[in-house]
Amino acid sequence: MRSARMWSRTTIVTAATVIVGSTGVLATALAAHAAAGCRVKYTVTSQWQGGFGASVDVTNLGDPVTSWRLTWSFTAGQTVTQLWNGTVSQSGSTVTVTNAAWNAALGTGATTNFGFGGTWNNASNPVPGTFALNGVACTGSTSQTASPTASGSAPSGTVLDQVSTVGRVRAAGTAAQFTWPGTYFEGRFRGTGVGLALNDADNDYVVQVDGTTVANLVTPGRTTYWVRGLPGGEHTVRLAKRTESPWAAGEFGGLVADTGGAILAKAGKRSRQIEFIGDSWTAGYGNMSTTRDCAGNGGVTRNSNADTSFGALTAKGLNADYQIIAWSGMGMVRNYGGQNTAYNFPASYYDKDLQALYNSGVWPVPSTWRPQVVVVGLGINDFSTALTSGEKWSTTGALAADYRAAYQTFIDRLRTRYGTSTHIVLTYPDLTYMTTAFADSIQQIVQARNSAGDARVSALYYDNTALGLDLLGCDWHPSRHDHQVLATALSQHLSTLPLAW
């Protein structure tokens, strides 16, 4: 995880990317003697005096592997100071990154990502020339993303003049930057076609016209995506971010009217608002998969769609605007497997506009964002894995006590932020196979709040068996079917609350 202090420097270089690839035969007895092939995309996402950030995509072009190790050598004295989504070691100029527990398996064609912060000599920061995956070199030529040409009129004004959004976005010239999953933009146009200006090589998107999905865009890069052949007249268009990218911002440049058409005034915001706060369940992690092992069907990212998560489905069913503020693997006080406990979600990232991006800041909450409901789903990562000897808690009871205290503090923050009229719903699934401490803690928190006079805090238990959850998403996560079931359960719970909306 990134230190807030580390990323406060002035950016002097914004991005540099190189993609290298190869196919061949594995020379060493690694990963079940798999025939090897690989491609690496190394992106310098930011650079400032003395430091830089980078994002690395690793694609397996050979047989499936059950673990991976990527190595490279720096040529200008760079050093890696911290890394996420893997484990790093460095000896001199040689860097070795090995998989984390959750991204060890890479099927044929599957891609995983890790990022890191490092130092450089302020004179030269060249991209490494060669990489090796499990001992086999990934070599190739640099690939650039071309800017397409398109007919039609260019976007006018800024993107926020054209489209409605309640998401946490930051203006970047005339465009808008964003990181949180499920961020969406809605606009109106007249004519038979419309273009959507995008600059994002990391995320996937869904495009809808008049409520119908017309495209799913996979890492579109810098492009204008065109929807054409529509009946003449007025239409609505919606762009939603499917995937997570805590360290990489997407950028939307706005709508482009096709020849003879026009961008119309944006619709007003909805009166109903819901904020969803959580982890992988809330983010829609792997929910489009029909198999728990996603190594062979594109990996977690290609199978994730926050726009079909239970939060998005619940809000759409209620005609509500919504935010999804979620990060897979994060907990209230303890992250999955006990990793990086110095950085927990509420304390370190909840307030951020661009999440963990190097220049992320506190999101200035507009007066127009006052959700009547906040749904919090944090705790699976705190309690779903056994404590280890290196952690601060020696017993589950001690962890639960800290969890309850932190949760109460977080609810206090939400009360300060949104007032006493907002209903706060604490959700939790069945973890009795591991511990009852999670369920017990949620029930105690709600009871304590209610007893103290805060009647608008309630709990919703997701009984996996009673609800019929199949958990066929990646890594035993809720499937698309399950998210619809969860949305129904949440909608029913909300119907019992005295909501004034």
Side-chain angles (χ1 to χ4, degrees), residues 164-168 182 184 267-279 281-282 309-326 332 346 350-351 363 365-380 403-430 438-464 466-467 469 478 482-501:
S164 295
T165 183
V166 297
R168 297 188 182 185
Y184 61 91
K269 293 181 174 63
R270 297 170 177 85
S271 60
R272 295 179 175 181
Q273 298 179 338
I274 310 177
E275 181 169 303
F276 297 93
I277 304 168
D279 48 35
W281 279 46
T282 304
S309 66
F310 72 85
L313 295 174
T314 300
K316 291 173 188 177
L318 293 169
N319 192 29
D321 277 321
Y322 63 94
Q323 288 185 356
I324 296 176
I325 309 301
M332 181 63 71
Y350 167 72
D351 289 333
W363 183 57
V365 185
S367 60
T368 54
W369 182 245
R370 289 295 181 268
Q372 295 95 340
V373 179
V374 175
V375 180
V376 187
L378 287 169
I380 298 175
Y403 174 82
R404 291 192 298 270
Y407 218 138
Q408 292 283 13
T409 298
F410 187 49
I411 294 174
D412 289 340
R413 287 173 60 194
L414 293 174
R415 282 282 174 247
T416 300
R417 190 183 187 97
Y418 297 131
T420 58
S421 63
T422 295
H423 287 264
I424 301 175
V425 180
L426 316 186
T427 64
Y428 61 108
D430 183 9
F438 184 17
D440 293 343
S441 293
I442 294 294
Q443 293 162 13
Q444 290 173 38
I445 292 167
V446 173
Q447 183 178 11
R449 300 297 301 198
N450 295 167
S451 298
D454 191 349
R456 289 178 174 164
V457 176
S458 62
L460 173 59
Y461 169 51
Y462 295 134
D463 187 327
N464 299 2
L467 291 174
L469 303 186
D482 294 346
H483 277 273
Q484 184 60 70
V485 172
L486 295 172
T488 299
L490 178 57
S491 298
Q492 290 174 347
H493 179 79
L494 295 182
S495 71
T496 68
L497 304 179
L499 285 163
W501 62 6

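Within the 3.5 Å criterion, the main-chain N or O of A500 finds no donor-acceptor partner in the side chain of Q372. Formation of a donor-acceptor pair under 3.5 Å by the T165 side chain with backbone atoms of Y184 is found in this model. Checking side-chain atoms of H483 against main-chain N and O of F310 turns up a donor-acceptor pair under 3.5 Å. In this structure, the side chain of S451 does not engage the main chain of A448 through any donor-acceptor pair within 3.5 Å. At least one donor-acceptor pair under 3.5 Å links the side chain of D321 to the backbone N or O of R270. With N450 contributing its side chain and V457 its backbone, the two residues share a donor-acceptor pair below 3.5 Å.
Ring geometry, Y403 versus Y407: the interplanar angle exceeds 60°, so the pair is classed perpendicular (tilted spans 30 to 60°). By the 30° and 60° cut-offs, the orientation of the rings of F276 relative to Y322 is perpendicular.
Looking at L414, I274, I325, I411 one by one, the single match for side chain to side chain contact (heavy atoms under 4.5 Å, CB included) with V374 turns out to be L414.
Rounding to the nearest 0.5 angstrom, the gap separating the NE2 atom in H493 from the OG1 atom in T314 is 11.5 Å. In this structure, S458 OG and I442 CD1 are separated by 11.0 Å, a value rounded to the nearest 0.5 Å. For the atom pair CG of D482 and OG of S309, the computed distance is 13.0 Å after rounding to the nearest 0.5 Å. With rounding to the nearest 0.5 angstrom, the OG1 atom of T427 is 6.5 Å from the CG atom of L460. Put simply, CG on L494 and CH2 on W501 are 5.5 Å apart, with the number rounded to the nearest 0.5 Å.
Within the 4.5 Å cutoff, no side-chain heavy atoms of T422 are placed close to those of R370. At a threshold of 4.5 Å between non-hydrogen side-chain atoms, the residues T488 and L467 do not count as touching. Contact of the I380 side chain with the P429 side chain is registered, since non-hydrogen atoms from C-beta on lie closer than 4.5 Å.
Contact between I445 and Q408 at its shortest, heavy atoms only, is O-NE2, 3.6 Å. Smallest separation of non-hydrogen atoms from D351 and R413: OD2-NH2, 2.8 Å. For D412 against R449, the heavy-atom pair with the smallest separation is OD1-NH1, 2.9 Å. Counting all heavy atoms, side chain and backbone alike, T282 lies closest to G377 at OG1-O, 4.4 Å. The minimum heavy-atom distance between E275 and P371, with the atom names listed, is N-CB, 4.0 Å. A pairwise comparison of heavy atoms in Q323 and V166 identifies NE2-O, 2.8 Å as the closest pair.
In this structure, R417 forms no cation-pi arrangement with F410, as its terminal cationic atom is not both closer than 6.0 Å to the ring centre and no more than 45° off the ring axis.
Taking the side chain to side chain donor-acceptor pair (under 3.5 Å) definition, one finds that R415 meets it with D454, sequence neighbours left out. Residues satisfying the side chain to side chain donor-acceptor pair (under 3.5 Å) test with S441, not counting sequence neighbours, are R404.
Within 6.0 Å of CD on Q444 lie more than 12 heavy atoms contributed by other residues, nucleotides or ligands.
Close placement of the Y428 and Y461 rings is indicated, their centers lying within 6.0 Å of each other.
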